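Scroll down for the structure; my scribbles are underneath it.
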Amino acid sequence: MVYGTCGLESLCGPGQHQNQRCSGILGTLLTLSQKQQQQQAENAAGAAGKKKKVTAAQLRVQKDLSELSLGSTMKTDFPNPDDILNFTLTIDPDEGMYKGGSFSFSFAINQNFPHDPPKVKCKEKIYHPNIDLEGNVCLNILREDWKPVLNLNAVIVGLQFLFLEPNASDPLNKEAAEDLKTNREGFKRNVRSAMGGGGVRGETFQRVLK
Amino acid sequence: MDETTVADMANGDGSRIKWKFLDRIVSRQGPFADPDNPIGEQALQMLSSVKVLVIGAGGLGCEILKNLALSGFTDIHVIDMDTIDVSNLNRQFLFRQADVGKHKAEVAARFVESRVRGVKITPYCGKIQDKDEDYYMQFAFVVCGLDSIEARRWINATLVGMVDEENPDSLKPLIDGGTEGFKGQSKVILPTMTSCIECQLDLHAPRAAVPLCTLATIPRQPQHCIEWAHIIAWDEERKDITLDNDDPEHITWLYQKALKRAEDFDIPGVTYSMTQGVVKNIIPAIASTNAIIAASCCNEAFKFATGSNPSLAYPPPDANNYMTYSGDDSIYTYTFTHEKKDDCPVCGNLAKTMEIDPSWTLQEFVESFAERPEAQLKKPSIRSEAKTLYMQSIASLEEQTRPNLAKKLSELVSDGEEIAVSDPALQISFKYKLVFKS
């Protein structure tokens, strides 16, 4: 994987023959009306206790989650543990220019997963060439290169990679990308300052230092 | 054949001139048909006694309803949740201008009934998800003319879930048609026996998306400007308003945003209707594609009902069950075998019934999986549709669901509920229907 940024069983059933209720026309009529009543009761009970089945999307997410390897730099938070389609992933990079920061991403997965990719947004306002100020993330497998054979692990590895290798050639935050391209040392200083809650080029960023 | 049925299907003068071609087909033995297959009036009887469900009364649905009625089907049900839009009228020929705003299923049903004598069409205006297994069980088979993958996956999973090996009537074939511009496909699914919609999920071409950074920095086409307004500008400026694709004010806002951006980048061509098209992801629908695909679907329906020739899905599992049609580069069809996937989450592993003691704790239940011969799971994670019972692999979820381990099963699941069990060592999840021992 290469990451870029961008009917009726006669009238009387065998049971009724056993308790000999089914004799002659009268018997048949009796059992028929009993049968109808019984069926109505069953229908009512059935309608009240309809069991929803685990959906295909839930099955796939359950499988993806059980295969996830988060390591020490990532953790998840499920606001509602019964809803596995919505959660937050926190990445604490332990190397690279974003080391020392803590970044959280909201994951929203719909019932059309894995046909549709998960919707992922960065929850903090951060200075990053591939993440805009609204938290939109430019990662190819989240959009144009998503395929149903990819899984949540691929997305998570892709996000982690963005902090190790911010990519200036596919910019979402144009200013940050320009800084990275033209002045790498200056970009590093800007990242430190932004992570501390400071301003860069007149834009104030959120403090994300641990 | 029953006399009343013959009379019902006769023309006004009592003759069957209108059914000449149908009568010719059913009065002869098909070249590949089972030699014992009934012909003549008996076959007509079969055709008129079959109850069939059509899902969708749109572009494909109109064609399907018309075709089925004109093929001799007399008991047709149709579901559609949509209402008629003026833009449907060029190809959805069962609707007229005066019908705009009315429910498609209702109008389509009444129109076909008024034109084809003896046909009864029962409409339901609503979602397929409103109906339960008892409803779907009444039909011989289902014909789909849908425009959404989500709806296809739902009906597919429902029909697969209904299959009861001891009851052959519980197997409901699914005939699925789909079109997109000049391209289309039709396929026949025998739930649990042949490749299902879920098995075929990766065949769908993903929506052609433009990289986000292109939209954000270097738009080259008018569509890029519209998509930018749609997914970036809206969130920046109108975050608190949920975008409604059918609200003209919302579309106008996006149109003006896109137009401004296009001017900034010197890109001509942004229009209101293009904005509508991009935002709603409208793919131009072509009437002839719908007609061709619906014809193929209805041929399959006719073969199922009369046995006059073998189905596209016959013999399973090696039949060429999937027909693709392409009309944009001359006319081309290709029919191939799409194989069932062993690890399909829907049909790869059917729910097994498991008797459990409801007074067991979840802990005891989890541990029992290590000993189950078919499972031997060391780290099972268990969910129902509504609840995460226990998830072992994710630290935060393990912690959150650990208190469940001490609870009794009767507190966590209801009698007859389905659960899914996954394990990192497993390619596929096991599904069980839990039945309480009394």
Side-chain angles (χ1 to χ4, degrees), chain A residues 4-7 43 46-47 49-60 62-63 65-68 70 75-78 80-84 87 110-112 114-117 129-130 132-140 142-149 167 169-174 177, chain B residues 132-134 148-150 153-154 156-158 161 169 198 201-202 204 206-214 216-217 231-232 235-236 239 345-346 351 379-381 383-388 391-397 400-401 414-420 422-424 426-429 431 433:
Chain A
T5 38
C6 289
N43 286 348
K50 277 280 174 269
K51 309 287 181 323
K52 279 199 171 173
K53 289 184 177 168
V54 185
T55 66
Q58 288 177 331
L59 274 173
R60 175 60 194 268
Q62 182 177 343
K63 179 170 180 266
L65 288 176
S66 65
E67 288 169 354
L68 223 52
L70 292 173
K75 57 179 192 291
T76 54
D77 177 51
F78 289 76
N80 172 7
D82 291 332
D83 175 11
I84 57 167
F87 60 92
N110 67 22
Q111 287 294 345
N112 220 6
H115 183 261
D116 290 354
N130 314 111
D132 71 12
L133 304 179
E134 296 299 312
N136 294 307
V137 182
C138 191
L139 179 65
N140 62 337
L142 281 177
R143 204 174 143 80
E144 68 274 12
D145 291 329
W146 171 260
K147 287 173 188 66
V149 290
N167 179 348
S169 51
D170 299 320
L172 208 51
N173 179 337
K174 230 168 149 179
Chain B
D132 58 18
E133 290 193 359
D134 296 345
S148 109
I149 291 168
E150 198 176 336
R153 288 175 75 188
W154 189 89
N156 177 64
T158 301
D169 285 341
E198 203 74 22
L201 206 58
D202 51 7
H204 293 275
R207 216 175 272 174
V210 179
L212 212 54
C213 52
T214 302
T217 54
I231 59 176
I232 297 178
D235 271 3
E236 272 173 19
K239 199 174 233 156
V346 169
K379 266 187 98 177
S381 289
R383 285 196 83 256
S384 66
E385 194 273 332
K387 260 188 148 57
T388 303
M391 284 289 281
Q392 300 208 36
S393 50
I394 303 274
S396 71
L397 266 183
Q400 280 173 295
T401 54
S414 52
D415 194 2
E417 194 161 343
E418 193 181 286
I419 56 153
S422 61
D423 189 284
L426 276 185
Q427 271 289 344
I428 185 171
S429 299
K431 285 179 280 188
K433 187 179 165 188

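The model shown is predicted, which means the values in this text are computed figures rather than measured ones. Residue numbers begin at 1 in each chain, while the letters A, B, ... track the order of the sequences.
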Q.
Quick check on the interface: out of A:Gln58, A:Lys75, A:Glu67, who has the most heavy-atom pairs with chain B under 4.5 Å?
A.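 So the answer, after comparing A:Gln58, A:Lys75, A:Glu67, is A:Gln58.
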(Q) With a 3.5 Å distance limit and no angle check, can you tell me whether B:Glu150 reaches the backbone of A:Gln111 through a side-chain donor-acceptor pair? (A)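 Not at all, since once roles are kept as given, no pair shorter than 3.5 Å links the two residues.
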Q) Is B:Arg153 reaching over with its side chain to a backbone N or O of A:Asn112, donor-acceptor style, under 3.5 angstrom? A) yes
If you take all heavy atoms of [X] and [Y], which pair is closest and at what distance?
| X | Y | answer |
| --- | --- | --- |
| B:Ile394 | A:Leu65 | CD1-O, 3.6 Å |
| A:Glu144 | B:Ala209 | CB-O, 3.2 Å |
| A:Asp82 | B:Lys387 | OD1-CA, 3.5 Å |
| A:Gln62 | B:Ser381 | NE2-O, 3.1 Å |
| A:Asn136 | B:Ile231 | ND2-O, 4.4 Å |
| B:Glu385 | A:Lys53 | CG-O, 3.1 Å |

Side chain, backbone, both or neither: which part of [X] has a non-hydrogen atom closer than 4.5 Å to chain A?
| X | answer |
| --- | --- |
| B:Ala420 | both |
| B:Lys239 | side chain |
| B:Lys431 | side chain |

**Q.** Side chains of A:Glu134 and B:Ile232 in contact at under 4.5 Å (non-hydrogen atoms)
**A.**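 Not in contact.
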(Q) For a 4.5 angstrom cut-off between non-hydrogen side-chain atoms, does B:Leu397 reach A:Ile84? (A)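 Yes, side chains in contact.
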Q.
List the residues meeting side chain to side chain donor-acceptor pair (under 3.5 Å) with B:Thr388, not counting sequence neighbours, and say none if there are none.
A. B:Arg383
Q) Of all residues at least two apart in sequence or in a different chain, which pass the side chain to side chain donor-acceptor pair (under 3.5 Å) check with B:Ser429? A)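 Side chain to side chain donor-acceptor pair (under 3.5 Å) list for B:Ser429, sorted by chain: empty.
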Q | Contact class of A:Pro114 relative to chain B, heavy atoms under 4.5 angstrom | A | both
**Q.** Pick from B:Ile428, B:Val210, B:Thr401 with the largest number of heavy-atom pairs that fall under 4.5 Å of chain A
**A.**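 Option with the greatest count: B:Val210.
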(Q) Quick check for you: among B:Ala216, B:Pro345, B:Ala395, B:Ala386, which has the greatest number of heavy-atom pairs under 4.5 Å with chain A? (A) B:Ala386
Q) Between B:Glu198 and A:Arg60, is the closest basic N to carboxylate O distance under 4.0 Å? A) no
Q: Measure the spacing between CG of A:Asn173 and SG of B:Cys213 and express it to the nearest 0.5 Å.
A: 12.5 Å
